[in-house]
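Computed from a predicted structure; not experimentally measured. Worth knowing before you read on, the calculation uses all heavy atoms, side chains too, and leaves out hydrogens, waters and symmetry mates. Position 1 is the first residue of the sequence, and the numbers go up from there.
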Amino acid sequence: MKLKLLYIMLLFSFCKIAAQEKLEVFFDFDKYDINMGANQKLVDWVASSKNIEVQKIYGFCDWKGTSVYNDSLSWKRVKTVHDFLKERNVKIKPDYEIKGFGKDFEQSKIQSENRKVTVIYEIIKVPEPKTKEQLQLEELNNYLKTSNVGDHIKLNNIYFFNNSARLLPNSEPVLYELLCVMNDNPKLKIEIQGHICCQTRIGAYDVSPSRARAVWMFLIKNGINKNRMSFKGFGTSRPIHPIPEKSEQEEEDNRRVEIMILSK
């Protein structure tokens with residue numbers, strides 16, 4: 001079970017994560033239009049930022065002037081920045097928060113630092129594309145859901161050393177996929193079936209039973225009850241393509257491991 005959980009964590013560790021960030025732009029005294037410095041900062045930010053969503057826009061003023069006047073000026077600064085972002089198709093949350101603080105906040109001793117708009121935004125980290133292993137696991141699960149007792153499912157990308165039942169390391173992803181499927185479906189019972197290619201008659205080089213047994217042993221070693229599985233080798237008796245094969249692809253298709261659904 002621990003092995004299964006570890007593998008699933010490796011496969012499905014991606015998720016949507018939001019990190020909140022802050023951008024500040026500063027205004028000239030008694031102005032709400034965007035000056036050259038603020039414009040460049042906003043342009044650079046928009047150009048370099050991807051997958052962002054604005055959550056809040058706050059406006060501020062320095063201490064000079066009346067509270068009523070500064071409240072109005074801070075709101076105008078907010079609107080100016082909002083319109084700038086909207087014109088450039090920056091994503092803004094539908095219920096975003098806007099507020100003009102005027103001069104009613106803890107002011108900096110440097111007055112130019114108080115004439116500003118603060119944009120609070122989130123960087124949305126989009127899930128990475130699914131890996132090949134994730135897609136294969138989904139495919140195997142989908143086959144299982146739509147299969148009936150007696151159906152055969154080919155295990156793609158099972159590899160062995162030449163004329164041997166020793167599994168190659170690059171077979172591990174699909175083996176762990178099968179392990180996950182067996183753990184997730186405790187009623188599932190299967191027969192593991194080995195097939196070989198190329199030989200016109202069964203002989204000393206028929207490794208199909210031992211290859212099927214190698215998959216069977218992998219599952220047993222990783223906690224699957226042997227009463228849920230059996231294995232059998234069919235040699236070249238059930239080829240997909242007639243033997244002798246006409247291409248390497250036909251050989252590859254014939255040289256395979258399948259599972260047959262016994263019960264589910």
Side-chain angles (χ1 to χ4, degrees), residues 4-139 141-142 173 180:
K4 173 198 170 186
L5 292 175
L6 175 61
Y7 188 65
I8 290 177
M9 287 173 65
L10 290 173
L11 286 180
F12 300 104
S13 59
F14 63 89
C15 61
K16 181 179 178 181
I17 304 172
Q20 198 166 78
E21 304 285 347
K22 178 174 71 173
L23 172 75
E24 289 185 334
V25 291
F26 299 92
F27 290 77
D28 295 329
F29 173 71
D30 200 28
K31 300 291 184 181
Y32 60 85
D33 55 316
I34 298 174
N35 60 35
M36 186 178 298
N39 183 83
Q40 189 60 54
K41 187 173 184 178
L42 286 166
V43 167
D44 292 344
W45 176 72
V46 171
S48 63
S49 300
K50 296 180 180 180
N51 301 317
I52 60 173
E53 183 180 63
V54 173
Q55 307 290 311
K56 305 172 184 178
I57 307 177
Y58 295 152
F60 303 87
C61 294
D62 59 30
W63 58 269
K64 296 184 179 180
T66 66
S67 293
V68 173
Y69 181 82
N70 284 326
D71 286 345
S72 175
L73 181 58
S74 65
W75 276 104
K76 290 177 181 178
R77 288 173 175 170
V78 167
K79 185 178 185 307
T80 299
V81 172
H82 171 273
D83 291 347
F84 181 97
L85 299 177
K86 191 172 182 181
E87 287 173 3
R88 287 156 180 80
N89 298 316
V90 175
K91 187 177 180 181
I92 300 175
K93 189 177 179 181
D95 58 344
Y96 76 103
E97 180 182 349
I98 57 174
K99 189 170 182 179
F101 286 87
K103 61 181 181 180
D104 296 329
F105 65 99
E106 186 176 350
Q107 298 239 339
S108 169
K109 293 180 180 179
I110 302 173
Q111 287 302 307
S112 60
E113 294 179 354
N114 299 319
R115 301 188 288 267
K116 65 183 180 181
V117 163
T118 299
V119 178
I120 307 295
Y121 63 96
E122 287 185 350
I123 301 173
I124 307 300
K125 294 186 178 180
V126 179
E128 294 292 331
K130 292 182 179 179
T131 65
K132 180 181 178 181
E133 288 76 16
Q134 290 169 340
L135 293 172
Q136 287 176 343
L137 180 58
E138 287 184 1
E139 183 180 30
N141 272 311
N142 288 335
C180 287

Query raised in the report: Would Glu53 and Lys91 satisfy salt bridge (charged side-chain N to carboxylate O under 4.0 Å, His left out), going step by step from the backbone distance to the final call?
Result: CA-CA 5 Å; Glu53 183 180 63; Lys91 187 177 180 181; 3.7 Å; yes

Query raised in the report: Between Asp44 and Gln40, does a side-chain hydrogen bond (donor to acceptor under 3.5 Å, both in side chains) hold up when you go through it step by step?
Result: CA-CA 6 Å; Asp44 292 344; Gln40 189 60 54; 2.8 Å; yes

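Proximity of Val25 to Trp45: side-chain heavy atoms (C-beta onward) are nowhere separated by under 4.5 Å. Contact check for Asn114 versus Lys103: no side-chain heavy atoms found under the 4.5 Å cut-off. Within the 4.5 Å cutoff, no side-chain heavy atoms of Tyr32 are placed close to those of Val117. Between Leu23 and Leu42 the shortest side-chain heavy-atom distance falls below 4.5 Å.
Of the inter-residue distances, the one linking Met36 atom CE with Asn39 atom CG reads 8.5 Å to the nearest 0.5 angstrom. Interatomic distance, OH of Tyr121 versus CG of Asn51, reported as 12.5 Å (0.5 Å rounding).
Each of Glu24, Lys99, Lys56 was scored for a side chain to side chain contact (heavy atoms under 4.5 Å, CB included) with Thr118, with one residue passing: Glu24.
When every heavy atom of Gly102 is checked against every heavy atom of Phe105, the shortest pair comes out as O-CE2, 3.2 Å. The two residues Ala38 and Phe26 come nearest to each other via the heavy atoms CB-O, 3.6 Å.
The backbone N or O of Asp28 sits nowhere less than 3.5 Å from a side-chain atom of Asp33 that would complete a donor-acceptor pair. At distances below 3.5 Å, at least one donor-acceptor pair connects side-chain atoms of Gln107 with backbone N or O atoms of Cys61.
Classification of the Tyr96-His82 ring pair by plane angle, with boundaries at 30° and 60°, yields parallel. Ring-plane geometry between Tyr58 and Phe101 is classed as perpendicular, the angle between the planes exceeding 60 degrees on a 0 to 90 degree scale with a lower cut at 30.
The salt bridge (charged side-chain N to carboxylate O under 4.0 Å, His left out) pairs that include a residue from residues 62-78 are Asp62-Arg115, where partners are two or more places apart or lie in different chains.
Dense packing is recorded around NZ of Lys41, with more than 12 heavy atoms of other residues, nucleotides or ligands lying under 6.0 Å away.
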